[in-house]
There are 2 protein chains.
Amino acid sequence: MASFKGQAAYSVDSKGRVAIPAKMRGSLAPSAKSTFTMTRGFERCVFLYPLDAWERMEGEIAGLNMYSKQSRDFVRTILMWADEVTLDAQGRVPLARPLMEFAGITDKALIIGALDHIEIWDPEVFARYLEEQQSDYETLAEKVMGG
Amino acid sequence: MASFKGQAAYSVDSKGRVAIPAKMRGSLAPSAKSTFTMTRGFERCVFLYPLDAWERMEGEIAGLNMYSKQSRDFVRTILMWADEVTLDAQGRVPLARPLMEFAGITDKALIIGALDHIEIWDPEVFARYLEEQQSDYETLAEKVMGG
DNA sequence: GGAGAATTCCCCACTTTCCCCCACTTGTCC
DNA sequence: GGACAAGTGGGGGAAAGTGGGGAATTCTCC
């Protein structure tokens, strides 16, 4: 399985393309080829799943109880934003307009590895996200990983 | 498993490379090869995990529930700073720019063994860290180890 | 249904960064 | 004091990132 990590600031060109860092491309599973599904992420960003991780996600979604309205709402939201994209010869993906608008991305993007997926943020939106965190990293680690 | 100990002051060259002391390189597990993952440490320093220790860490991270915001906050932070590096033929690792800035490292670095990982500090930052400790070594020992 | 406009996709070329290798200096151990 | 290992520094080549031109496709409006 892929294990994305690291951060990189890239420019989004006039055609709405962003490069995916070579290190992240290198950690793709061969079965994932160059295909991704991008969709709306948690907090104000875009999630980019390689093919294999997305299929796992689809499995989880398919297992939800569709007689619950909350499940339907969740599934509709994640799927209505979803878009399948492939890397071009230069290792870039095109960003769909609705997702760019949702994430507030214009001409710069921050690419962040998040283990099974890649996140694409507008740099300023991300800076604000960091500021808004209640706990610092050390406290967070203690809470999450068990102190 | 590796058991890093000791301290050593090294210079960081113009290309952002630091040597890892030969003694620490010698205590690497063979399975770790020459591969490390460096990431943001606690307090203002860089953590360097050999491959085997990092894989254990990744396993813990992958087990977190990503539908909890606190978990996402933590995972984003630890992974966005993470970078996989390998020793060059001279036993050095390259320091990623963002990590150097975070840790305040410029041209000198203090390498400290910390059992399962190695810590890289800016010498001045580390001196200040020592000064700021409220308890002396003996008191600390009593609190932590249970006197 | 057809023409024009806009968009997408594919490819090529330039620039910059990174990585690998080689050589020198310093330190340590016998 | 000599030999070897450890640490420091820099140059060249390959790869990664950036930008743009042109063909094909789709969309829209008449």
Side-chain angles (χ1 to χ4, degrees), chain A residues 2 4-28 33-38 46 48 50 82-101 105-113 118-123, chain B residues 4-28 33-38 46 48 51 81-101 105-113 118-123:
Chain A
F4 301 114
K5 49 178 161 293
Q7 57 174 317
Y10 283 124
S11 54
V12 179
D13 67 23
S14 55
K15 296 178 178 180
R17 298 173 298 188
V18 239
I20 301 300
K23 283 195 176 175
M24 296 188 194
R25 298 201 305 264
S27 71
L28 281 172
K33 313 201 175 150
S34 303
T35 307
F36 292 88
T37 297
M38 56 170 60
V46 175
L48 198 59
D83 189 15
E84 191 169 306
V85 296
T86 54
L87 292 170
D88 67 12
Q90 281 71 34
R92 293 173 292 195
V93 289
L95 287 173
R97 303 251 168 250
L99 283 171
M100 283 184 69
E101 280 173 30
I105 295 169
T106 54
D107 62 335
K108 292 275 166 205
L110 206 59
I111 316 286
I112 297 177
I118 293 170
E119 302 190 352
I120 307 177
W121 290 75
D122 175 74
Chain B
F4 303 114
K5 44 184 163 297
Q7 59 171 311
Y10 283 120
S11 57
V12 179
D13 68 23
S14 58
K15 295 180 176 179
R17 297 173 297 189
V18 238
I20 300 302
K23 284 193 176 178
M24 295 188 193
R25 296 203 304 264
S27 71
L28 283 172
K33 313 197 177 154
S34 303
T35 307
F36 292 88
T37 296
M38 55 172 58
V46 175
L48 197 59
L51 186 58
W81 295 94
D83 189 15
E84 190 170 308
V85 296
T86 53
L87 292 170
D88 67 12
Q90 284 70 33
R92 293 172 293 192
V93 289
L95 287 173
R97 305 249 168 251
L99 282 171
M100 285 184 66
E101 280 174 30
I105 295 169
T106 54
D107 61 336
K108 292 277 166 205
L110 206 59
I111 315 286
I112 298 177
I118 293 170
E119 301 192 353
I120 307 177
W121 290 75
D122 175 74

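The chains referred to below are lettered A, B, ... by the order of the sequence lines, with proteins before strands, and numbering in each begins at 1.
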Exercise for the section: Please state how far atom CZ in Arg97(B) lies from atom P in dC19(C), giving the value in whole angstrom units. Expected result: 11 Å
Problem - Counterpart residues, side-chain hydrogen bond (donor to acceptor under 3.5 Å, both in side chains), relative to Lys5(B) (two or more places apart) - result: Ser3(B)
Completion exercise
Rounded to whole Å, CG of Asp13(A) lies from P of dC9(C) at a distance of 13 Å
Handout entry: Atom-to-atom span, CZ of Arg25(A) to P of dA15(D) - whole angstrom
Key = 13 Å
Practice task
Would you indicate whether Gln7(B), at its atom CD, is surrounded by more than 12 heavy atoms from other residues, nucleotides or ligands within a distance under 6.0 Å?
Solution key: no
Completion exercise
Of dC19(C), dT8(C), dG7(D), the nucleotide closest to the side chain of Lys23(A) is dC19(C)
Exercise for the section: Kindly determine whether Met38(A) and Leu99(A) satisfy side chain to side chain contact (heavy atoms under 4.5 Å, CB included), including the steps that lead there. Expected result: CA-CA 9 Å; Met38(A) 56 170 60; Leu99(A) 283 171; 3.7 Å; yes
Completion exercise
Numerically ordered, the residues 105-113 of chain B set in heavy-atom contact under 4.0 Å with DNA chain D is none
Completion exercise
Met24(A) CE to dG17(D) C1', in whole Å, measures 14 Å
Completion exercise
One should read off an interatomic distance between Asp122(B) CG and Met100(B) CE, to the nearest 0.5 angstrom, of 9.5 Å
Exercise for the section: Measure the distance from CD1 on Ile20(B) to P on dT8(D) and round it to the nearest whole Å. Expected result: 11 Å
Problem - Proximity to DNA chain C (any heavy atom under 4.0 Å), residues of residues 4-12 of chain A only - result: none
Completion exercise
Rounded to the nearest 0.5 angstrom, the CD1-NZ distance for Ile111(A) and Lys23(A) is 15.0 Å
Problem - Bend angle of the helix from dG1(C)-dC30(D) to dC30(C)-dG1(D), from helix axes over five pairs at each end, nearest 10° - result: 30°
Exercise for the section: Remember a base hit wins even if backbone is also touched, and classify Pro21(A) as base, sugar-phosphate or nothing at under 4.0 Å, heavy atoms. Expected result: sugar-phosphate
Exercise for the section: Scan nucleotides 10-15 of chain C nucleotide by nucleotide, 5' to 3', and note B when protein non-hydrogen atoms come under 4.0 Å of the base, S if they reach only the sugar-phosphate, - if neither. Expected result: BBB---
Do any N or O atoms of the protein come closer than 3.5 Å to N or O atoms of nucleotides 25-30 of chain C, and which pairs are they?
none

Practice task
Take atom CG of Leu95(A) and atom P of dT8(C), then tell me their distance rounded to the nearest Å.
Solution key: 12 Å
